[in-house]
Amino acid sequence: MAAFVGALKKLSICLILWLNTLPFLQGGSDYYEFKYPFIKRASSFWASSSSFSSSNTDEASYDYIIVGGGTAGCPLAATLSQNFSVLVLERGGVPFSNVNVSFLSNFHIALADTSPTSASQPFVSTDGVINARARVLGGGTCINAGFYTRANSGFIRRVGWDERLVNESYPWVEKQIIHQPKLAQWQGAFKDSLLDVGVSPYNGFTYDHIHGTKVGGTLFDRFGRRHTAAELLASANPKMLTVLVYATVQKVLFDQTGRRPMAMGVIFKDENGNQHQAFLTNNRRSEVILSCGAIGTPQMLMLSGIGPKAELDKLNISMVLRNEFVGKGMADNPMNSVFVPTNRPVEQSLIQTVGITKMGVYIESSSGFGQSQDSIRCHHGILSAEIGQLSTIPPKQRTPEAIQAFIKRKRDLPHEAFKGGFILEKIARPISTGHLNLVNTNIDDNPSVTFNYFHHPHDLQRCVDGIRMAAKVIQSKHFTNFTRCDKPTVEKLLNMSVKANINLIPKHTNDTKSLEQFCKDTVITIWHYHGGCHVGKVVDPDLKVLGTNRLRIVDGSTFNESPGTNPQGTVLMMGRYMGVKILRRRLGKAAHV
């Protein structure tokens, strides 16, 4: 009888899973068009390039035009639409019917997809690290590892945000798309090992950023299905919101007849390559809001004529406003990893447990993304040639042919080499910064980005400290008991990790003896890049672009640091926070938010 009940329970769970995922697997189109009737293809827009006009009557204009329907753009749009007309222009498609986006088990495949319509757009920094940008409604929440945490209180104070409104905005997001994870066995062993090496106390499950070891929230529900920022649009006023997908904004339009350039609207192209214009209403409080992310927003400003004089002149871009700080101060939190061997199969797990140390290092872990045949032939989890993890190599050697050769070598590695997982060590608040420069005037192409990983010696020292701690975690009895492996030496761990992190940089003979060299040669990214449009240099404290009217930025390009262990929670909150702040300043209590 007990066996029958158990089998019935399993069958019920499978049925629930099937019913929950059915809308995503039925082509998805009918599902999202019913739930989100305001999402349309860009080609449906009323104004074509043949009807370009300087007029912008209220019948054909919007109170807010948001460029980028990503992590911040979606909650911002949902909030502003409660009281005003909003147009969101997103260059990518919808995430709802994309199984590579929707399921945890396909996390790596979405990132490995480099096709023009992929939700992920790869780019290679001049440092030689392959990285990724989101290109889909919902932004980075569609392609990341799903971990959710709030920023530390110090970050909130440093950016000057209203703590009361911040604490109202986080729960608005959490109630809709954030879940408590079912802790994977790997993550449980990792938690015990962190505590064993002194990353204490154990703070349990919490969204808060607290020193010690904790379990955070996740975008993935108990069925392994991802919930993205795009779902926050369900909270919008559907009568006041229009979301156009495959709408690639090419530049912001300005009226330059006044003392300051004033944003009037944007030019964008649809999925067929046809150009359109969208305009703001004539109200002085209407705004174009850039939410294109830390790569896209500085690029968009420069293509629109706002940026360093030399950058604009070299590509013959007509200057609207000179600002030498656009694209400066770009930073990416360097990450290095240590391979964990195991003599037992492990389930797939993305980041669930984190160690927040007092030495400016965060310790995280992933497992099991080398188990399936798809994984083996596509990539090797979070350390993959295809998904953004190529170590530093001289730019002249970083040719397409060299990268393809790298990918082939990675694919040819034996299955056994990736039967375990990785301990990930990330530097908090790196001092090293770089810059972003235009390559051409094509918005579809990536700009040139330099992060200068480990340029400052303090960053390098923190990496060394973090690698030492990661090795101790792996050597802990909790991990060795779980993996059924003998306690490995540090040199053996580093040797395996260097091999797992195959790259085209000539290997140094002291990689496994010099932790400094190991850090430099195996640096990768966890996609937490930020900066390029800093407060006080490009925007004011309200995130309005300095020297302009009706132009604002709401995304991570305004950050001097990446908030918390993982920034997406704060970027999601930021969209809601700024939306409420704008409504309250414009309408007062009548905003009802």
Would you call [X]-[Y] a salt bridge at under 4.0 Å N-O?
X	Y	answer
Glu287	Arg585	no
Arg550	Asp255	no
Lys581	Asp542	yes
Asp540	Lys544	no

Are the side chain of [X] and the backbone of [Y] linked by a donor-acceptor contact shorter than 3.5 Å?
X	Y	result
Asn203	His211	yes
Gln82	Ser235	yes
Ser432	His456	yes
Lys35	Ala234	no
Tyr577	Asp162	yes
Arg91	Thr248	no
Asn237	Asn83	no
Thr297	Cys292	yes
Arg41	Glu271	no
Ser304	Ile306	no

What is the minimum heavy-atom distance between [X] and [Y], and which atoms define it?
X	Y	answer
Glu364	Ile526	OE1-CD1, 3.6 Å
Ala78	Leu232	CB-O, 3.5 Å
Asp313	Lys309	OD2-NZ, 2.6 Å
Leu583	Thr79	CD1-O, 3.3 Å
Asn442	Gln299	O-NE2, 4.0 Å
Arg135	Glu90	C-OE2, 4.0 Å

Would a 4.5 Å heavy-atom cut-off, applied to side chains only, mark [X] and [Y] as touching?
X	Y	result
Asn144	Arg226	yes
Tyr202	Val215	yes
Glu311	Asn437	yes
Asn131	Trp527	yes
Leu312	Met302	yes
Val354	Phe147	yes
Tyr64	Ser81	no
Ile178	Leu219	yes

Residue pair Asp63, Ser85: steps toward the side-chain hydrogen bond (donor to acceptor under 3.5 Å, both in side chains) verdict: CA-CA 5 Å; Asp63 294 305; Ser85 60; 2.9 Å; yes

Out of curiosity, [X] [atom1] to [Y] [atom2], how far, rounded to the nearest 0.5 Å?
X	Y	atom1	atom2	result
Thr71	Met573	OG1	CE	13.0 Å
Thr228	Leu572	OG1	CG	9.5 Å
Ile66	Cys74	CD1	SG	8.5 Å
Thr242	Leu87	OG1	CG	6.0 Å
Asp459	Thr433	CG	OG1	9.5 Å
Gln176	Arg576	CD	CZ	8.5 Å

Test side chain to side chain contact (heavy atoms under 4.5 Å, CB included) applied to Met262 and Arg260, step by step: CA-CA 6 Å; Met262 181 173 67; Arg260 288 181 163 199; over 6 Å; no

Trace of the salt bridge (charged side-chain N to carboxylate O under 4.0 Å, His left out) decision for Asp444 with Lys269: CA-CA 11 Å; Asp444 294 320; Lys269 64 179 180 179; 2.5 Å; yes

Centroid-centroid under 6.0 Å between Tyr362 and His209 rings: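 Under 6.0 Å, so yes.
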
Check: Phe220 ring centroid to Phe107 ring centroid under 6.0 Å: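 Ring-ring flag for Phe220/Phe107: false, centres at least 6.0 Å apart.
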
Heavy atoms of other groups near Lys251 NZ, more than 12 under 6.0 Å: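 12 or below, so no.
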
Intermediate values then yes/no, side-chain hydrogen bond (donor to acceptor under 3.5 Å, both in side chains), Tyr529 and Ser562: CA-CA 7 Å; Tyr529 47 82; Ser562 180; over 6 Å; no

CA sep, side-chain torsions, deciding dist, call: Arg584, Glu168, salt bridge (charged side-chain N to carboxylate O under 4.0 Å, His left out): CA-CA 14 Å; Arg584 288 179 179 175; Glu168 292 173 2; 3.4 Å; yes

Parallel, tilted or perpendicular: ring planes of Phe45 versus His276, cut at 30 and 60 degrees: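 Rings of Phe45 and His276: perpendicular, as their planes differ by over 60°.
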
Geometric class of the Tyr148/Tyr207 ring pair [parallel <30°, tilted 30-60°, perpendicular >60°]: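 It falls in the perpendicular class, over 60°.
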
Arg259 versus Asn549, side-chain donor and acceptor atoms under 3.5 Å: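 There is no such pair between these side chains.
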
Thr149 and Lys214 side chains, donor-acceptor separation under 3.5 Å: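 Their side chains do contain a donor-acceptor pair, which is all the 3.5 Å distance test asks for.
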
Verdict with supporting geometry, Val439 and Asp445, side chain to side chain contact (heavy atoms under 4.5 Å, CB included): CA-CA 8 Å; Val439 174; Asp445 292 341; over 6 Å; no

Quiz item: cation-pi between Arg586 and Phe84, 6.0 Å / 45°: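 Verdict for Phe84: a cation-pi partner in Arg586.
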
Worked verdict on Tyr170 versus Thr570 for side chain to side chain contact (heavy atoms under 4.5 Å, CB included): CA-CA 8 Å; Tyr170 274 123; Thr570 301; 2.7 Å; yes

Working for side chain to side chain contact (heavy atoms under 4.5 Å, CB included), residues Gln352 and Thr218: CA-CA 7 Å; Gln352 296 179 332; Thr218 179; 6.0 Å; no

Name of the residue among Val101, Asn100, Thr141 meeting side-chain contact (heavy atoms from CB on, under 4.5 Å) with Pro95: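 Option passing the side-chain contact (heavy atoms from CB on, under 4.5 Å) with Pro95: Val101.
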
